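Below is one structure, written out as structure tokens, with a few remarks after it.
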Amino acid sequence: MERALELLKTPKTPAELARALGLTLAGAELLLAQLAQRGYVRPLGCGTGCRGCTFRGLCQGPGETYWVLQPDQTLPRSASG
């Protein structure tokens with residue numbers, strides 16, 4: 001979970017998160033749903049038609065949803081640290 005939250009400091013699609021964590025797409029989507037339910041992450045709303053978005057240089061194409069760490073969210077500390 002900590003690695004996922006660290007990665008989500010910058011917007012990621014579920015597919016990008018899956019690749020980075022070695023998960024299936026379904027696994028990454030489930031992880032994002034659980035993190036969102038706990039208030040750690042949120043999907044970025046687009047609505048710009050792929051023209052004026054701040055993340056247009058990163059965009060994978062229409063229909064992709066990017067997820068990002070909630071503003072001012074602190075990462076959970078590991079049990080070892």
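For clarity, every value in this text was computed on a predicted model and none was experimentally measured.
Looking at heavy atoms from C-beta onward, Leu69 lies out of side-chain contact with Leu7 at the 4.5 angstrom threshold. The shortest side-chain heavy-atom distance between Pro11 and Glu16 does not fall under the 4.5 Å cut-off. Side-chain atoms of Met1 and Arg38, non-hydrogen and from C-beta on, do get closer than 4.5 Å to each other. Taking 4.5 Å as the limit, some side-chain heavy atom of Leu8 sits within range of a side-chain heavy atom of Leu35. The closest side-chain heavy-atom distance from Arg3 to Leu21 is below 4.5 Å. Side-chain atoms of Thr65 and Leu44, non-hydrogen and from C-beta on, never get closer than 4.5 Å to each other. Residues Val68 and Tyr66 form no side-chain contact, since every pair of their non-hydrogen atoms from C-beta on lies 4.5 Å or further apart. Using a 4.5 Å heavy-atom threshold, the side chains of Leu17 and Leu32 count as touching.
Taking both residues in full, the closest heavy atoms of Ala28 and Pro14 are given as CB-O, 3.5 Å, listed atom of the first, atom of the second, then distance. Of all heavy-atom pairs spanning Gly39 and Gln70, the tightest one is O-CG, 3.3 Å.
With rounding to the nearest 0.5 angstrom, the CD atom of Glu29 is 11.0 Å from the CG atom of Leu23.
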